[in-house]
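Numbering starts at 1 and runs along the sequence shown. Note: hydrogens, waters and symmetry copies are ignored here, and every other heavy atom, side chains too, is used.
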Amino acid sequence: MMKLSNSQLEKLLALATEAALTAGRYIATFDRSQLKVDHKAAGNSLSSQVVTQVDLHCQTLILDVLQPSIEQYDLAVLSEENASEDKTSEHPRRQKDYFWCIDPLDGTLPFIEGSAGFAVSIALVSQSGDPVIGVVHNPTTGDTYQALATDEPVLLKNGLPWHPVTQHRCFTLYIDRSFEGDARYKACVEHLDSLIQAKGYDGLKIVNSCGAVMNAIGVFENPPACYLKLPKVQKGGGSLWDVSATAAIAQSSPAFWVSDIYGQALDLNRSDSNFMNHKGVLYLHGIEGEPFVSETDWMTAE
């Protein structure tokens with residue numbers, strides 16, 4: 001297996017950043033009153049089933065920037081707008097040493113609704129499923145997050161070293177809007193509320209207005225906080241492109257925690273699906289991970 005050098009990864013990080021900024025500039029200047037919304041076959045939530053011309057154009061912009069690296073390093077590409085659940089085991093990402101994992105516009109639903117909570121997300125993932133590069137650009141604020149999750153990790157915000165620290169006495173739970181309709185939602189919130197009271201925090205705030213990428217960024221920016229997606233039978237629970245870049249960011253700082261719901265490493269090159277519903281996803285910042293990772297009743301898949 002080819003292993004990219006640190007200097008090669010730094011060049012690819014710069015390229016991914018250029019691609020994210022290019023897409024972000026287009027998103028920031030797009031007149032959302034002109035949006036045309038289509039539907040696609042995807043997961044079981046509305047957010048995973050809607051697509052706009054902005055998603056598709058951003059994908060083109062990103063791939064145009066990344067194309068030289070795809071050819072030079074023989075990289076595979078997995079992008080939300082060209083992914084399929086059919087024959088995932090045969091996708092080139094399963095054979096290539098690395099693949100670009102791209103979400104051209106994560107949080108399409110808030111984008112359609114005219115609110116914030118959307119982002120451009122680009123990751124480079126190894127064949128073993130390890131995220132090695134992560135870039136997230138927030139077109140609303142102009143903030144850009146960059147990470148190299150290597151032996152010599154790099155974590156930047158707007159080009160400067162980034163060291164987030166716990167800021168608040170209130171604990172924030174980031175969730176997908178669809179989770180509120182989950183039969184486990186009430187028990188999950190009650191369990192978490194009891195836990196944070198025992199830890200001495202002042203209360204629980206719930207945020208449900210963002211896409212998956214900005215939910216994770218919210219955890220990093222506003223500790224103590226967590227973002228979780230419980231396992232479920234239905235397809236969904238986030239996709240590889242929803243979590244790969246923010247997983248790279250999380251793995252670049254000892255202050256962050258990212259895992260599946262049972263505390264194990266995320267499987268970011270799984271052969272049988274593009275979705276994460278089999279084991280869920282958990283991000284934490286500012287509180288120990290151990291209380292969340294045992295298999296309890298409220299974590300049981302539906």
Of all the heavy-atom pairs spanning Phe118 and Gly107, show the shortest one and how long it is. CB-O, 3.5 Å

Would you check if the side chain of Asp103 reaches a backbone N or O of Ser121 as a donor-acceptor pair within less than 3.5 Å? no

Could you grab the distance from atom CG of Asn138 to atom NZ of Lys157, nearest 0.5 Å is fine? 9.5 Å

If hydrophobic clusters are built by linking Ile, Leu, Val, Met, Phe, Trp and Tyr wherever their side-chain heavy atoms come under 4.5 Å apart, do Ile70 and Val135 end up in the same one? yes

Rounded to the nearest 0.5 Å, what's the gap from OG on Ser259 to CG on Leu284? Could you check? 7.0 Å

Evaluate the side-chain proximity of Asp143 to His137: yes if any heavy-atom separation is below 4.5 Å, no if none is. no

Would you compute the distance between atom CG of Leu56 and atom CD of Glu80 and round it to the nearest 0.5 angstrom? 10.0 Å

Could you check if a side-chain atom of Leu148 sits within less than 4.5 angstrom of a side-chain atom of Glu10, using non-hydrogen atoms only? yes

Do Val219 and Val207 share a hydrophobic cluster, counting only Ile, Leu, Val, Met, Phe, Trp and Tyr and linking them when any side-chain heavy atoms are less than 4.5 Å apart? yes

Would you say the side-chain atoms of Tyr227 and Asp176 include a donor-acceptor pair closer than 3.5 Å? yes

Check this for me, if you would: do Lys279 and Asp267 make a salt bridge, where the nitrogen-to-carboxylate-oxygen distance has to be below 4.0 angstrom? no

According to a 4.5 Å side-chain heavy-atom criterion applied to Ile, Leu, Val, Met, Phe, Trp and Tyr, with indirect links allowed, do Ile175 and Trp257 form part of one hydrophobic cluster? yes

Would you say the side chains of Trp100 and Ser69 form a donor-acceptor pair under 3.5 Å? yes

Mind telling me whether Phe220 and Phe256 have parallel, tilted or perpendicular rings, with 30° and 60° as the class edges? parallel

Say whether, by atom type as modelled, one donor and one acceptor occur between the side chain of Asp260 and the main chain of Leu266 under 3.5 angstrom. no

Any Ile217 side-chain heavy atom under 4.5 Å of Val136 side chain: yes

Donor-acceptor contact present, side-chain Asn277 to main-chain Pro231, <3.5 Å: no

CG of Asp151: more than 12 outside heavy atoms within 6.0 angstrom? no

With a 3.5 Å distance limit and no angle check, can you tell me whether Gln127 reaches the backbone of Lys96 through a side-chain donor-acceptor pair? yes

Just checking, any donor-acceptor pair under 3.5 angstrom between side chains of Gln59 and Asp55? no

Using atom types as modelled and distance alone, determine if a side-chain donor or acceptor of Arg93 lies under 3.5 Å from a backbone N or O of Arg270. yes

Gln146 CD to Leu160 CG distance, which is reported to the nearest 0.5 Å: 9.5 Å

Which one of Leu21, Val120, Val54 satisfies the side chain to side chain contact (heavy atoms under 4.5 Å, CB included) criterion with Tyr26? Val54

For Leu13 versus Gly134, what's the shortest heavy-atom pair and its separation? CD1-O, 4.2 Å

Enter the distance from Asp202:CG to Ile196:CD1 here, rounded to the nearest 0.5 Å. 9.0 Å

If only atom types and distance count, is the side chain of Asn269 paired as donor or acceptor with the main-chain N or O of Val125 below 3.5 Å? no

For residues 239-248, pull every pair meeting side-chain hydrogen bond (donor to acceptor under 3.5 Å, both in side chains), keeping only residues two or more places apart or in separate chains. Thr246-Tyr283

Side chain to side chain contact (heavy atoms under 4.5 Å, CB included) evaluation trace for Ile261 with Val281: CA-CA 5 Å; Ile261 206 69; Val281 179; over 6 Å; no

Considering only heavy atoms from C-beta outward, does the side chain of Val77 approach that of Phe99 to under 4.5 Å? no

Could you tell me whether the side chains of Asn274 and Glu85 share a donor-acceptor contact shorter than 3.5 Å? yes

Side-chain heavy atoms of Gln251 within contact of Val258, under 4.5 Å: yes

How close do Ala119 and Pro139 get, heavy atom to heavy atom, and via which atoms? CA-CD, 4.0 Å

Establish whether Leu66 and Met2 are linked, either directly or via other cluster members, by ILVMFWY side-chain heavy-atom contacts under 4.5 Å. yes

Which atom of Asn158 lies closest to which atom of Gly142, heavy atoms considered: OD1-O, 3.8 Å

Checking side chain to side chain contact (heavy atoms under 4.5 Å, CB included) against Ile133, which of Thr17, Ile122, Leu9, Leu15 comes through? Leu9

Side chain to side chain contact (heavy atoms under 4.5 Å, CB included) evaluation trace for Leu192 with Cys226: CA-CA 10 Å; Leu192 181 57; Cys226 77; 4.1 Å; yes

Going by heavy atoms in the side chains, are Leu124 and Leu75 under 4.5 Å from each other? yes

Can you check whether Leu35's main-chain N or O pairs, donor with acceptor, with Thr52's side chain at less than 3.5 Å? no

Would you name the heavy atoms of Ser273 and Phe275 that are closest together and state the gap between them? OG-N, 2.9 Å

Do Ile27 and Phe111 come within less than 4.5 Å of each other through their side chains, counting heavy atoms only? yes

Contact check, side chains of Tyr145 and Trp162, non-hydrogen atoms, under 4.5 Å: yes

Quick one: list whatever passes salt bridge (charged side-chain N to carboxylate O under 4.0 Å, His left out) with Glu113, sequence neighbours left out. Arg177

Distance check, rounded to the nearest 0.5 Å: Gln264 atom CD versus Leu282 atom CG? 12.0 Å

Among side-chain atoms of Glu180 and Asn208, is any donor-acceptor pair under 3.5 angstrom? yes

Side chain to side chain contact (heavy atoms under 4.5 Å, CB included) between Tyr73 and Gln8, worked out: CA-CA 10 Å; Tyr73 298 107; Gln8 289 171 325; 3.5 Å; yes

Looking at Arg169 and Gly200, would you say the former's side chain and the latter's main chain have a donor-acceptor pair under 3.5 Å? yes

Testing the 3.5 Å rule here: is there a donor-acceptor pair between the side chains of Asn222 and Tyr174? yes

Under a 3.5 Å threshold, yes or no: a donor from one side chain and an acceptor from the other, between Tyr185 and Glu190? no

Where do Ala212 and Asp106 come nearest, in terms of heavy atoms and distance? N-OD2, 3.1 Å

Answer yes or no: are there more than 12 heavy-atom neighbours, outside Gln95 itself, under 6.0 Å from its atom CD? yes

Take Tyr201 and His168, measure what side chain to side chain contact (heavy atoms under 4.5 Å, CB included) needs, and give me the verdict at the end. CA-CA 9 Å; Tyr201 294 107; His168 309 292; over 6 Å; no

